[in-house]
Amino acid sequence: MNLNIFNTLSKKLESFKPLGDTVKVYGCGPTVYNHPHIGNARPAVVGDILVRILRNLFKKVVYVRNITDIDDKINKKAKEENVTIEVIALKYTKIYQENMRTLNVLPPDIEPTVTQNIHSVIKMISTLLEKKNAYEAENHILFHVPSFKNYGDLSKRKKDEMIEGARVEVAPYKKDPMDFVLWKPSKEDQVGWESPWGRGRPGWHIECSSMIETYLGETIDIHLGGNDLIFPHHENEIAQSNCAHNGKPLSKYWLHNGFISMDKEKMSKSVGNIILINDILKKYTGETVRLAMLSAHYKQPLNWNEKILIQANKNLENLYDIIGDDKNYKFVPPPKKFFNALLNDLNTPEALKELYELSKDKNNKDQLKSAANYLGILQLTQTEWIEQKKKIKNLDEKKIDKLISDRDKARKEKKFDEADKIRNELAIDGIILEDSPTGTKWRISN
RNA sequence: GGCCCGGUGGCAGAGUGGUUAUGCAGAGGACUGCAAAUCCUUGUACAUCGGUUCGAUUCCGGUCCGGGCCUCCA
(Lines give C-alpha, C1' and ligand atoms only; values in the text may rest on other atoms or scores of the structure.)
Protein backbone atom coordinates (compact mmCIF):
# COMPACT_ATOMS: atom_id res chain seq x y z
CA MET A 1 0.00 0.00 0.00
CA ASN A 2 1.95 2.91 -1.28
CA LEU A 3 0.60 6.25 -2.36
CA ASN A 4 2.17 7.78 -5.43
CA ILE A 5 1.56 11.40 -6.15
CA PHE A 6 2.75 13.76 -8.83
CA ASN A 7 4.93 16.38 -7.24
CA THR A 8 5.00 19.71 -9.06
CA LEU A 9 8.36 20.38 -7.48
CA SER A 10 10.10 17.46 -9.17
CA LYS A 11 7.56 17.10 -11.98
CA LYS A 12 7.62 13.40 -11.27
CA LEU A 13 5.42 10.76 -9.77
CA GLU A 14 6.80 10.22 -6.28
CA SER A 15 6.16 7.71 -3.58
CA PHE A 16 4.61 9.48 -0.61
CA LYS A 17 6.63 9.22 2.57
CA PRO A 18 5.43 11.34 5.48
CA LEU A 19 7.91 13.49 7.35
CA GLY A 20 6.67 12.56 10.80
CA ASP A 21 3.94 10.83 12.76
CA THR A 22 1.36 13.40 11.76
CA VAL A 23 0.70 13.91 8.08
CA LYS A 24 0.29 17.64 7.51
CA VAL A 25 -1.72 18.90 4.58
CA TYR A 26 -2.54 22.46 3.61
CA GLY A 27 -4.88 23.57 0.87
CA CYS A 28 -5.36 27.10 -0.39
CA GLY A 29 -8.97 27.95 0.31
CA PRO A 30 -11.25 30.55 -1.22
CA THR A 31 -11.18 34.31 -1.09
CA VAL A 32 -14.70 34.96 0.11
CA TYR A 33 -16.02 37.81 -1.99
CA ASN A 34 -18.49 36.03 -4.23
CA HIS A 35 -20.47 32.86 -4.79
CA PRO A 36 -18.11 29.95 -5.35
CA HIS A 37 -17.96 28.56 -8.88
CA ILE A 38 -17.19 25.01 -9.96
CA GLY A 39 -13.54 25.93 -10.38
CA ASN A 40 -13.39 26.66 -6.66
CA ALA A 41 -14.87 23.28 -5.96
CA ARG A 42 -12.26 21.23 -7.76
CA PRO A 43 -9.30 21.70 -5.42
CA ALA A 44 -11.64 21.17 -2.47
CA VAL A 45 -12.88 17.87 -3.92
CA VAL A 46 -9.35 16.77 -4.81
CA GLY A 47 -8.13 17.62 -1.32
CA ASP A 48 -11.06 15.79 0.17
CA ILE A 49 -10.27 12.59 -1.72
CA LEU A 50 -6.58 12.85 -0.90
CA VAL A 51 -7.32 13.24 2.80
CA ARG A 52 -9.77 10.33 2.78
CA ILE A 53 -6.97 8.17 1.37
CA LEU A 54 -4.37 9.49 3.78
CA ARG A 55 -6.63 8.76 6.72
CA ASN A 56 -6.83 5.16 5.61
CA LEU A 57 -3.07 4.89 5.32
CA PHE A 58 -1.90 6.89 8.31
CA LYS A 59 -3.03 7.20 11.90
CA LYS A 60 -2.91 10.94 12.18
CA VAL A 61 -3.63 13.48 9.47
CA VAL A 62 -4.17 17.19 9.95
CA TYR A 63 -5.77 19.02 7.08
CA VAL A 64 -5.85 22.81 7.09
CA ARG A 65 -7.73 24.83 4.49
CA ASN A 66 -7.81 28.55 4.96
CA ILE A 67 -10.42 31.19 4.29
CA THR A 68 -8.99 34.39 2.87
CA ASP A 69 -11.25 37.00 4.39
CA ILE A 70 -9.17 40.09 3.75
CA ASP A 71 -8.51 41.09 0.18
CA ASP A 72 -9.05 44.10 -2.05
CA LYS A 73 -11.82 42.26 -3.88
CA ILE A 74 -13.65 41.92 -0.58
CA ASN A 75 -13.04 45.59 0.16
CA LYS A 76 -14.49 46.55 -3.18
CA LYS A 77 -17.59 44.44 -2.69
CA ALA A 78 -18.12 45.80 0.82
CA LYS A 79 -17.94 49.33 -0.50
CA GLU A 80 -20.38 48.58 -3.30
CA GLU A 81 -22.88 47.14 -0.87
CA ASN A 82 -22.11 49.70 1.81
CA VAL A 83 -21.40 47.12 4.50
CA THR A 84 -18.32 46.08 6.45
CA ILE A 85 -15.95 43.48 5.05
CA GLU A 86 -16.96 41.13 7.86
CA VAL A 87 -20.49 41.04 6.49
CA ILE A 88 -19.26 40.13 3.03
CA ALA A 89 -16.69 37.62 4.26
CA LEU A 90 -19.09 35.89 6.61
CA LYS A 91 -21.83 35.68 4.03
CA TYR A 92 -19.65 34.06 1.39
CA THR A 93 -17.81 31.86 3.86
CA LYS A 94 -21.14 30.36 4.85
CA ILE A 95 -22.17 29.84 1.25
CA TYR A 96 -18.83 28.23 0.47
CA GLN A 97 -19.09 25.87 3.43
CA GLU A 98 -22.66 25.00 2.56
CA ASN A 99 -21.74 24.36 -1.09
CA MET A 100 -18.87 22.13 -0.07
CA ARG A 101 -21.10 20.17 2.28
CA THR A 102 -23.53 19.62 -0.58
CA LEU A 103 -20.67 18.23 -2.66
CA ASN A 104 -19.85 15.83 0.19
CA VAL A 105 -16.56 17.57 0.86
CA LEU A 106 -15.73 16.89 4.48
CA PRO A 107 -14.70 19.96 6.47
CA PRO A 108 -10.97 20.36 7.07
CA ASP A 109 -9.64 19.86 10.58
CA ILE A 110 -8.81 23.53 10.86
CA GLU A 111 -10.26 26.34 8.76
CA PRO A 112 -8.39 29.47 9.80
CA THR A 113 -9.12 32.97 8.58
CA VAL A 114 -6.56 35.64 7.82
CA THR A 115 -8.18 38.26 10.05
CA GLN A 116 -7.71 35.96 13.03
CA ASN A 117 -4.04 35.63 12.17
CA ILE A 118 -2.87 39.17 11.55
CA HIS A 119 -0.51 38.85 14.51
CA SER A 120 1.27 35.88 12.92
CA VAL A 121 1.43 37.75 9.60
CA ILE A 122 3.09 40.68 11.35
CA LYS A 123 5.43 38.31 13.16
CA MET A 124 6.61 36.68 9.94
CA ILE A 125 7.08 39.99 8.18
CA SER A 126 9.16 41.19 11.11
CA THR A 127 11.33 38.10 10.83
CA LEU A 128 11.80 38.69 7.11
CA LEU A 129 12.79 42.31 7.77
CA GLU A 130 15.29 41.22 10.40
CA LYS A 131 16.82 38.73 8.05
CA LYS A 132 17.05 41.39 5.31
CA ASN A 133 14.79 39.46 2.97
CA ALA A 134 12.33 42.31 3.10
CA TYR A 135 12.53 46.09 3.07
CA GLU A 136 10.34 49.12 3.59
CA ALA A 137 9.57 51.52 0.76
CA GLU A 138 6.92 54.21 0.72
CA ASN A 139 5.01 52.63 3.60
CA HIS A 140 5.02 49.24 1.90
CA ILE A 141 6.94 46.23 3.10
CA LEU A 142 8.26 44.28 0.15
CA PHE A 143 9.87 40.90 -0.18
CA HIS A 144 13.16 41.15 -2.03
CA VAL A 145 13.15 38.30 -4.51
CA PRO A 146 16.90 38.32 -5.34
CA SER A 147 17.53 37.55 -1.67
CA PHE A 148 16.17 34.06 -2.23
CA LYS A 149 18.33 32.21 -4.67
CA ASN A 150 15.99 29.29 -5.33
CA TYR A 151 13.22 31.54 -6.57
CA GLY A 152 11.50 29.89 -9.54
CA ASP A 153 12.16 26.28 -8.52
CA LEU A 154 8.49 25.35 -8.33
CA SER A 155 7.33 27.01 -11.52
CA LYS A 156 10.58 26.23 -13.37
CA ARG A 157 10.99 29.79 -14.47
CA LYS A 158 14.07 31.87 -14.65
CA LYS A 159 13.91 35.33 -13.30
CA ASP A 160 15.07 37.24 -16.37
CA GLU A 161 12.70 35.30 -18.61
CA MET A 162 9.80 36.41 -16.46
CA ILE A 163 10.75 40.05 -16.54
CA GLU A 164 10.98 39.98 -20.30
CA GLY A 165 7.36 38.97 -20.63
CA ALA A 166 6.04 41.13 -17.85
CA ARG A 167 2.90 42.90 -18.90
CA VAL A 168 2.50 45.15 -15.94
CA GLU A 169 4.27 48.32 -15.04
CA VAL A 170 6.57 47.91 -12.13
CA ALA A 171 5.99 50.11 -9.09
CA PRO A 172 8.86 52.62 -8.96
CA TYR A 173 9.70 51.94 -5.32
CA LYS A 174 10.54 48.28 -5.96
CA LYS A 175 14.23 47.46 -5.75
CA ASP A 176 13.66 44.60 -8.13
CA PRO A 177 10.77 44.20 -10.58
CA MET A 178 9.93 40.79 -9.10
CA ASP A 179 9.61 42.04 -5.53
CA PHE A 180 6.16 41.60 -4.07
CA VAL A 181 4.17 43.22 -1.30
CA LEU A 182 4.01 41.75 2.20
CA TRP A 183 2.25 44.66 3.87
CA LYS A 184 0.52 47.65 2.37
CA PRO A 185 -0.77 50.84 3.94
CA SER A 186 -4.50 51.37 4.37
CA LYS A 187 -6.22 54.70 3.86
CA GLU A 188 -8.64 56.09 6.41
CA ASP A 189 -11.66 54.48 4.79
CA GLN A 190 -9.93 51.16 4.19
CA VAL A 191 -9.80 48.28 6.60
CA GLY A 192 -6.48 48.06 8.41
CA TRP A 193 -4.55 46.87 11.44
CA GLU A 194 -1.91 48.59 13.49
CA SER A 195 1.58 47.33 12.80
CA PRO A 196 5.18 48.44 13.40
CA TRP A 197 4.95 49.97 9.91
CA GLY A 198 1.75 51.88 10.45
CA ARG A 199 -1.86 51.02 9.85
CA GLY A 200 -2.19 48.63 6.97
CA ARG A 201 -3.15 45.18 5.70
CA PRO A 202 -1.38 42.05 4.46
CA GLY A 203 -0.36 41.52 0.85
CA TRP A 204 -1.58 38.49 -1.02
CA HIS A 205 0.90 35.69 -0.31
CA ILE A 206 2.02 36.14 3.26
CA GLU A 207 -1.20 34.88 4.84
CA CYS A 208 -0.71 31.29 3.68
CA SER A 209 2.91 31.17 4.80
CA SER A 210 2.09 32.47 8.25
CA MET A 211 -0.99 30.30 8.75
CA ILE A 212 0.96 27.21 7.78
CA GLU A 213 3.59 28.17 10.31
CA THR A 214 0.97 28.76 13.00
CA TYR A 215 -1.13 25.67 12.51
CA LEU A 216 1.22 23.10 11.02
CA GLY A 217 4.78 24.22 11.57
CA GLU A 218 7.72 25.09 9.39
CA THR A 219 7.60 22.18 6.96
CA ILE A 220 4.48 20.30 5.89
CA ASP A 221 3.93 17.15 3.87
CA ILE A 222 1.57 18.23 1.12
CA HIS A 223 0.48 21.60 -0.19
CA LEU A 224 -2.51 21.75 -2.53
CA GLY A 225 -3.93 24.25 -4.92
CA GLY A 226 -5.10 25.08 -8.41
CA ASN A 227 -2.71 25.13 -11.31
CA ASP A 228 -2.74 28.89 -11.54
CA LEU A 229 -1.38 29.26 -8.04
CA ILE A 230 1.98 27.71 -8.94
CA PHE A 231 3.08 31.12 -10.03
CA PRO A 232 3.25 33.52 -8.39
CA HIS A 233 1.37 32.52 -5.24
CA HIS A 234 3.10 29.29 -4.27
CA GLU A 235 6.46 30.45 -5.53
CA ASN A 236 6.17 33.43 -3.23
CA GLU A 237 4.99 31.34 -0.32
CA ILE A 238 8.07 29.19 -0.72
CA ALA A 239 10.33 32.22 -0.83
CA GLN A 240 8.83 33.75 2.33
CA SER A 241 8.77 30.56 4.36
CA ASN A 242 12.20 29.41 3.32
CA CYS A 243 13.75 32.71 4.26
CA ALA A 244 11.84 32.99 7.54
CA HIS A 245 12.79 29.44 8.51
CA ASN A 246 16.49 29.40 7.68
CA GLY A 247 16.09 27.53 4.42
CA LYS A 248 13.76 24.81 5.65
CA PRO A 249 11.44 23.76 2.84
CA LEU A 250 7.79 24.76 3.11
CA SER A 251 6.34 21.54 1.76
CA LYS A 252 7.72 18.20 0.63
CA TYR A 253 5.05 17.58 -1.98
CA TRP A 254 3.06 20.02 -4.10
CA LEU A 255 -0.17 18.98 -5.76
CA HIS A 256 -1.89 21.11 -8.38
CA ASN A 257 -5.18 20.44 -10.06
CA GLY A 258 -6.02 21.29 -13.66
CA PHE A 259 -8.56 23.88 -14.61
CA ILE A 260 -12.21 23.55 -15.39
CA SER A 261 -13.10 25.21 -18.63
CA MET A 262 -16.24 26.08 -20.53
CA ASP A 263 -16.25 25.29 -24.22
CA LYS A 264 -12.51 24.77 -24.00
CA GLU A 265 -12.10 28.27 -22.69
CA LYS A 266 -11.06 29.22 -19.19
CA MET A 267 -13.83 30.50 -17.00
CA SER A 268 -13.46 34.19 -16.50
CA LYS A 269 -15.61 37.07 -15.55
CA SER A 270 -14.81 39.08 -18.63
CA VAL A 271 -15.99 36.28 -20.90
CA GLY A 272 -18.98 35.80 -18.63
CA ASN A 273 -18.76 32.02 -18.56
CA ILE A 274 -18.54 31.52 -14.81
CA ILE A 275 -20.64 28.63 -13.56
CA LEU A 276 -21.72 29.03 -9.97
CA ILE A 277 -22.19 25.97 -7.83
CA ASN A 278 -25.50 27.31 -6.58
CA ASP A 279 -26.80 27.55 -10.13
CA ILE A 280 -25.92 23.94 -10.92
CA LEU A 281 -27.54 22.83 -7.69
CA LYS A 282 -30.83 24.23 -8.93
CA LYS A 283 -30.92 21.37 -11.41
CA TYR A 284 -28.57 18.66 -10.18
CA THR A 285 -27.61 17.20 -6.82
CA GLY A 286 -24.26 17.96 -5.25
CA GLU A 287 -23.36 14.34 -5.60
CA THR A 288 -23.92 14.56 -9.34
CA VAL A 289 -21.59 17.53 -9.54
CA ARG A 290 -19.01 15.64 -7.53
CA LEU A 291 -19.16 12.55 -9.71
CA ALA A 292 -18.91 14.66 -12.86
CA MET A 293 -15.81 16.23 -11.39
CA LEU A 294 -14.27 12.87 -10.56
CA SER A 295 -14.82 11.56 -14.07
CA ALA A 296 -11.55 13.18 -15.15
CA HIS A 297 -8.17 12.88 -13.52
CA TYR A 298 -7.49 15.84 -11.24
CA LYS A 299 -4.46 17.01 -13.18
CA GLN A 300 -6.27 17.05 -16.50
CA PRO A 301 -8.30 19.99 -17.69
CA LEU A 302 -12.00 19.33 -17.41
CA ASN A 303 -14.40 20.80 -19.90
CA TRP A 304 -17.63 21.49 -18.08
CA ASN A 305 -20.97 21.13 -19.80
CA GLU A 306 -24.41 19.72 -19.28
CA LYS A 307 -23.50 16.41 -20.92
CA ILE A 308 -21.13 15.36 -18.18
CA LEU A 309 -23.79 16.16 -15.60
CA ILE A 310 -26.39 14.11 -17.43
CA GLN A 311 -23.96 11.24 -17.62
CA ALA A 312 -23.02 11.48 -13.94
CA ASN A 313 -26.67 11.60 -13.00
CA LYS A 314 -27.37 8.48 -15.01
CA ASN A 315 -24.44 6.70 -13.39
CA LEU A 316 -25.70 7.57 -9.94
CA GLU A 317 -29.18 6.48 -10.89
CA ASN A 318 -27.81 3.08 -11.85
CA LEU A 319 -25.62 2.78 -8.78
CA TYR A 320 -28.41 3.70 -6.38
CA ASP A 321 -30.53 1.04 -8.03
CA ILE A 322 -28.02 -1.47 -6.72
CA ILE A 323 -27.42 0.18 -3.36
CA GLY A 324 -31.14 0.31 -2.61
CA ASP A 325 -32.36 1.21 0.86
CA ASP A 326 -30.42 -1.29 2.91
CA LYS A 327 -28.49 0.56 5.57
CA ASN A 328 -26.83 -2.41 7.22
CA TYR A 329 -23.55 -2.47 5.43
CA LYS A 330 -20.71 -4.47 6.78
CA PHE A 331 -17.55 -2.51 7.19
CA VAL A 332 -15.05 -3.99 4.77
CA PRO A 333 -11.70 -2.71 3.55
CA PRO A 334 -11.78 -1.06 0.13
CA PRO A 335 -11.41 -3.47 -2.77
CA LYS A 336 -7.80 -3.78 -3.75
CA LYS A 337 -7.97 -2.89 -7.42
CA PHE A 338 -10.15 0.08 -6.62
CA PHE A 339 -7.88 1.40 -3.91
CA ASN A 340 -4.78 0.84 -6.01
CA ALA A 341 -6.25 3.12 -8.65
CA LEU A 342 -6.60 5.87 -6.07
CA LEU A 343 -3.11 5.23 -4.77
CA ASN A 344 -1.86 5.85 -8.28
CA ASP A 345 -1.97 9.64 -8.13
CA LEU A 346 -5.68 9.68 -7.29
CA ASN A 347 -6.72 8.12 -10.56
CA THR A 348 -10.44 8.56 -10.06
CA PRO A 349 -11.50 7.54 -13.61
CA GLU A 350 -9.69 4.25 -13.12
CA ALA A 351 -11.22 3.91 -9.66
CA LEU A 352 -14.66 4.56 -11.11
CA LYS A 353 -14.09 1.80 -13.62
CA GLU A 354 -13.47 -0.58 -10.74
CA LEU A 355 -16.53 0.77 -8.99
CA TYR A 356 -18.68 0.00 -12.01
CA GLU A 357 -17.16 -3.46 -12.21
CA LEU A 358 -18.07 -4.00 -8.55
CA SER A 359 -21.58 -2.84 -9.20
CA LYS A 360 -22.10 -5.67 -11.67
CA ASP A 361 -21.99 -8.18 -8.84
CA LYS A 362 -25.16 -7.52 -6.90
CA ASN A 363 -24.03 -9.61 -3.95
CA ASN A 364 -21.11 -7.35 -3.38
CA LYS A 365 -22.81 -4.30 -1.95
CA ASP A 366 -20.51 -4.06 1.07
CA GLN A 367 -17.48 -3.66 -1.14
CA LEU A 368 -19.26 -1.27 -3.46
CA LYS A 369 -20.29 0.88 -0.54
CA SER A 370 -16.82 0.79 0.95
CA ALA A 371 -15.28 1.91 -2.33
CA ALA A 372 -17.87 4.65 -2.80
CA ASN A 373 -17.03 6.08 0.61
CA TYR A 374 -13.55 6.94 -0.60
CA LEU A 375 -14.98 8.84 -3.53
CA GLY A 376 -17.53 10.52 -1.31
CA ILE A 377 -20.48 9.26 -3.31
CA LEU A 378 -23.44 6.95 -2.61
CA GLN A 379 -23.79 8.27 0.92
CA LEU A 380 -27.58 8.12 0.84
CA THR A 381 -30.16 5.42 0.45
CA GLN A 382 -31.92 5.14 -2.87
CA THR A 383 -35.08 6.62 -1.39
CA GLU A 384 -33.18 9.59 0.02
CA TRP A 385 -31.51 10.10 -3.35
CA ILE A 386 -34.86 10.10 -5.11
CA GLU A 387 -36.33 12.43 -2.50
CA GLN A 388 -33.47 14.81 -3.05
CA LYS A 389 -34.13 14.89 -6.75
CA LYS A 390 -37.85 15.39 -6.25
CA LYS A 391 -37.07 18.36 -4.05
CA ILE A 392 -34.86 19.92 -6.70
CA LYS A 393 -37.48 19.44 -9.37
CA ASN A 394 -40.16 20.78 -7.05
CA LEU A 395 -42.70 18.28 -8.29
CA ASP A 396 -46.34 18.07 -7.40
CA GLU A 397 -46.47 14.46 -6.29
CA LYS A 398 -50.17 14.37 -5.70
CA LYS A 399 -50.82 15.44 -9.25
CA ILE A 400 -48.45 12.80 -10.54
CA ASP A 401 -50.08 10.07 -8.47
CA LYS A 402 -53.48 11.15 -9.73
CA LEU A 403 -52.33 10.98 -13.35
CA ILE A 404 -50.82 7.56 -12.77
CA SER A 405 -54.01 6.18 -11.28
CA ASP A 406 -55.97 7.67 -14.19
CA ARG A 407 -53.61 5.94 -16.54
CA ASP A 408 -53.91 2.63 -14.69
CA LYS A 409 -57.65 2.83 -14.97
CA ALA A 410 -57.40 3.49 -18.69
CA ARG A 411 -54.99 0.58 -19.10
CA LYS A 412 -57.33 -1.79 -17.31
CA GLU A 413 -60.06 -0.74 -19.70
CA LYS A 414 -57.61 -1.27 -22.58
CA LYS A 415 -57.84 2.38 -23.54
CA PHE A 416 -54.21 2.43 -24.48
CA ASP A 417 -54.35 5.65 -26.47
CA GLU A 418 -55.53 7.49 -23.40
CA ALA A 419 -52.94 5.79 -21.19
CA ASP A 420 -50.11 6.66 -23.56
CA LYS A 421 -51.25 10.24 -23.71
CA ILE A 422 -50.86 10.58 -19.95
CA ARG A 423 -47.47 8.94 -20.04
CA ASN A 424 -46.28 11.32 -22.73
CA GLU A 425 -47.51 14.30 -20.77
CA LEU A 426 -45.52 13.20 -17.76
CA ALA A 427 -42.48 12.55 -19.92
CA ILE A 428 -42.47 16.20 -20.93
CA ASP A 429 -41.89 17.04 -17.27
CA GLY A 430 -39.06 14.53 -17.14
CA ILE A 431 -41.05 11.84 -15.41
CA ILE A 432 -40.55 8.32 -16.64
CA LEU A 433 -43.04 5.60 -15.77
CA GLU A 434 -42.13 2.01 -15.11
CA ASP A 435 -44.90 -0.58 -15.11
CA SER A 436 -44.30 -3.69 -13.10
CA PRO A 437 -46.42 -6.53 -11.70
CA THR A 438 -46.53 -4.71 -8.38
CA GLY A 439 -47.75 -1.45 -9.88
CA THR A 440 -46.50 1.62 -11.66
CA LYS A 441 -43.45 3.43 -10.37
CA TRP A 442 -42.12 6.73 -11.57
CA ARG A 443 -38.75 8.30 -11.58
CA ILE A 444 -37.08 11.48 -12.74
CA SER A 445 -35.20 11.26 -15.99
CA ASN A 446 -32.34 13.58 -15.08
C1' G B 1 8.72 36.30 -26.60
C1' G B 2 9.58 32.61 -22.32
C1' C B 3 7.64 28.35 -19.56
C1' C B 4 4.09 24.33 -19.08
C1' C B 5 0.17 20.74 -20.50
C1' G B 6 -2.75 18.24 -23.96
C1' G B 7 -4.62 16.05 -28.98
C1' U B 8 -7.76 8.49 -27.86
C1' G B 9 -14.04 5.45 -30.93
C1' G B 10 -20.74 9.70 -31.41
C1' C B 11 -19.54 12.01 -26.35
C1' A B 12 -16.84 11.74 -21.51
C1' G B 13 -12.31 9.57 -20.21
C1' A B 14 -8.24 5.88 -18.37
C1' G B 15 -4.31 2.98 -19.94
C1' U B 16 -0.61 0.18 -22.52
C1' G B 17 5.66 -1.30 -26.62
C1' G B 18 2.48 -6.85 -29.24
C1' U B 19 -3.85 -9.12 -25.63
C1' U B 20 -11.59 -6.02 -23.99
C1' A B 21 -10.48 0.08 -20.41
C1' U B 22 -14.81 1.83 -18.32
C1' G B 23 -19.13 4.88 -18.48
C1' C B 24 -22.94 7.53 -21.34
C1' A B 25 -25.27 7.49 -25.97
C1' G B 26 -26.43 4.16 -30.31
C1' A B 27 -27.83 -0.66 -32.83
C1' G B 28 -30.02 -5.78 -32.57
C1' G B 29 -32.56 -9.44 -29.44
C1' A B 30 -35.43 -11.16 -24.95
C1' C B 31 -39.33 -8.96 -22.03
C1' U B 32 -43.79 -5.47 -22.48
C1' G B 33 -50.59 -3.77 -24.78
C1' C B 34 -46.81 -0.18 -26.28
C1' A B 35 -43.00 1.72 -23.41
C1' A B 36 -39.54 2.16 -19.40
C1' A B 37 -36.30 -0.64 -16.54
C1' U B 38 -33.53 -5.02 -16.69
C1' C B 39 -30.78 -8.95 -19.08
C1' C B 40 -28.07 -10.74 -23.51
C1' U B 41 -25.42 -9.37 -27.98
C1' U B 42 -22.85 -5.53 -30.57
C1' G B 43 -18.64 -1.19 -31.32
C1' U B 44 -11.82 -2.46 -33.14
C1' A B 45 -10.30 4.64 -31.63
C1' C B 46 -5.61 6.53 -30.36
C1' A B 47 -3.71 14.49 -34.68
C1' U B 48 0.25 14.34 -38.46
C1' C B 49 5.13 13.26 -40.53
C1' G B 50 9.69 10.93 -39.70
C1' G B 51 12.98 7.83 -36.38
C1' U B 52 14.07 3.65 -32.87
C1' U B 53 12.03 -1.50 -32.85
C1' C B 54 10.65 -7.98 -35.11
C1' G B 55 6.46 -4.81 -33.67
C1' A B 56 4.27 1.93 -31.55
C1' U B 57 -1.68 4.69 -29.97
C1' U B 58 2.21 3.83 -26.21
C1' C B 59 9.45 5.66 -26.68
C1' C B 60 12.37 9.86 -29.46
C1' G B 61 12.32 14.17 -32.85
C1' G B 62 9.79 17.63 -36.21
C1' U B 63 4.98 19.68 -37.83
C1' C B 64 -0.02 21.14 -37.14
C1' C B 65 -3.96 22.16 -33.73
C1' G B 66 -5.98 23.29 -28.79
C1' G B 67 -5.47 24.97 -23.67
C1' G B 68 -2.94 27.24 -19.45
C1' C B 69 0.77 30.40 -16.81
C1' C B 70 4.13 34.75 -17.10
C1' U B 71 -1.25 40.35 -14.20
C1' C B 72 -6.16 39.26 -9.96
C1' C B 73 -7.63 34.18 -10.60
C1' A B 74 -9.02 27.55 -8.12
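Atoms considered below: every heavy atom in the structure, side chains included; atoms not considered: hydrogens, waters and symmetry mates. Order of the sequence lines sets the chain letters (A, B, ...), proteins ahead of strands, with each chain counted from 1.
Picking from B:rA74, B:rA12, B:rC34 the nucleotide with the shortest atom distance to the side chain of A:Pro43 gives B:rA74. Of all nucleotides listed (B:rA74, B:rG33, B:rG13), B:rG13 comes nearest to the side chain of A:Leu302. Taking only side-chain atoms of A:Asn318, from C-beta outward, the nucleotide of B:rA14, B:rC34, B:rC24 with the closest atom is B:rC24. Of the candidates B:rC69, B:rG6, B:rA74, B:rG6 carries the atom nearest the A:Gln300 side chain, counting heavy atoms from C-beta on. Counting only heavy atoms from C-beta on, A:Glu350 has its side chain closest to B:rG15 among B:rG23, B:rG15, B:rG13. Side-chain proximity of A:Asp435 to B:rC24, B:rA35, B:rA12: nearest is B:rA35. The listed nucleotides are B:rC24, B:rC72, B:rG13; the one nearest the side chain of A:Lys73 is B:rC72. Among the nucleotides B:rC11, B:rG13, B:rC34, the one closest to the side chain of A:Lys307 is B:rC11. The side chain of A:Lys314 approaches B:rA37 more closely than any other nucleotide in the set B:rA14, B:rA37, B:rA74. Comparing B:rC34, B:rA74, B:rC70 by their closest approach to the side chain of A:Arg407 singles out B:rC34.
Taking only side-chain nitrogens and oxygens, A:Lys11 comes nearer than 4.0 Å to OP1 or OP2 of B:rC5. Close to B:rA37, at under 4.0 Å from its OP1 or OP2, lies a side-chain N or O of A:Arg443. Distances shown here put every side-chain N or O of A:Lys353 at or beyond 4.0 Å from the OP1 or OP2 atom of B:rC24. OP1 or OP2 of B:rC69 has not a single side-chain nitrogen or oxygen of A:Asn227 nearer than 4.0 Å.
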- Message: Within the 4.0 Å limit for protein heavy atoms, which parts of nucleotides 39-47 of chain B are touched? Write it as a string from 5' to 3', B for base, S for sugar-phosphate only, - for none.
- Response: S--------
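Within the 3.5 Å criterion, the main-chain N or O of A:Glu384 finds a donor-acceptor partner in the side chain of A:Thr381. Looking at A:Thr214, its side chain does come within 3.5 Å of a backbone N or O of A:Ser210 through a donor-acceptor pair. Using modelled atom types, one side-chain atom of A:Gln379 and one backbone atom of A:Ile377 make a donor-acceptor pair closer than 3.5 Å.
Listed in residue order, the members of residues 422-432 of chain A having a heavy atom less than 4.0 Å from RNA chain B are A:Arg423, A:Ile432.
Heavy-atom neighbours of A:Lys390 NZ from other residues, nucleotides or ligands within 6.0 Å: above the threshold of 12. For A:Asp326, the CG atom is densely surrounded, since the number of other residues' heavy atoms within 6.0 Å is greater than 12.
B:rG28 sits 45 Å from B:rC64 when the P atoms are compared, rounded to a whole Å. Using atom P as the reference point in both B:rG50 and B:rC39, the two lie 47 Å apart (nearest Å). Nucleotides B:rA47 and B:rC5 have their C1' atoms positioned 16 Å apart, rounded to a whole Å.
In this structure, A:Arg52 pairs ionically with A:Asp48, as a charged nitrogen and a carboxylate oxygen lie closer than 4.0 Å.
The cationic group of A:Lys77 does not satisfy the cation-pi geometry with A:Tyr33, failing either the under 6.0 Å distance to the six-membered ring centre or the 45° limit from the ring axis.
Stem regions for RNA chain B, each three or more consecutive Watson-Crick or G-U pairs with both distances under 3.5 Å and listed by first number, read B:1-7 with B:64-70, B:10-12 with B:22-24, B:26-30 with B:38-42, B:47-51 with B:59-63.
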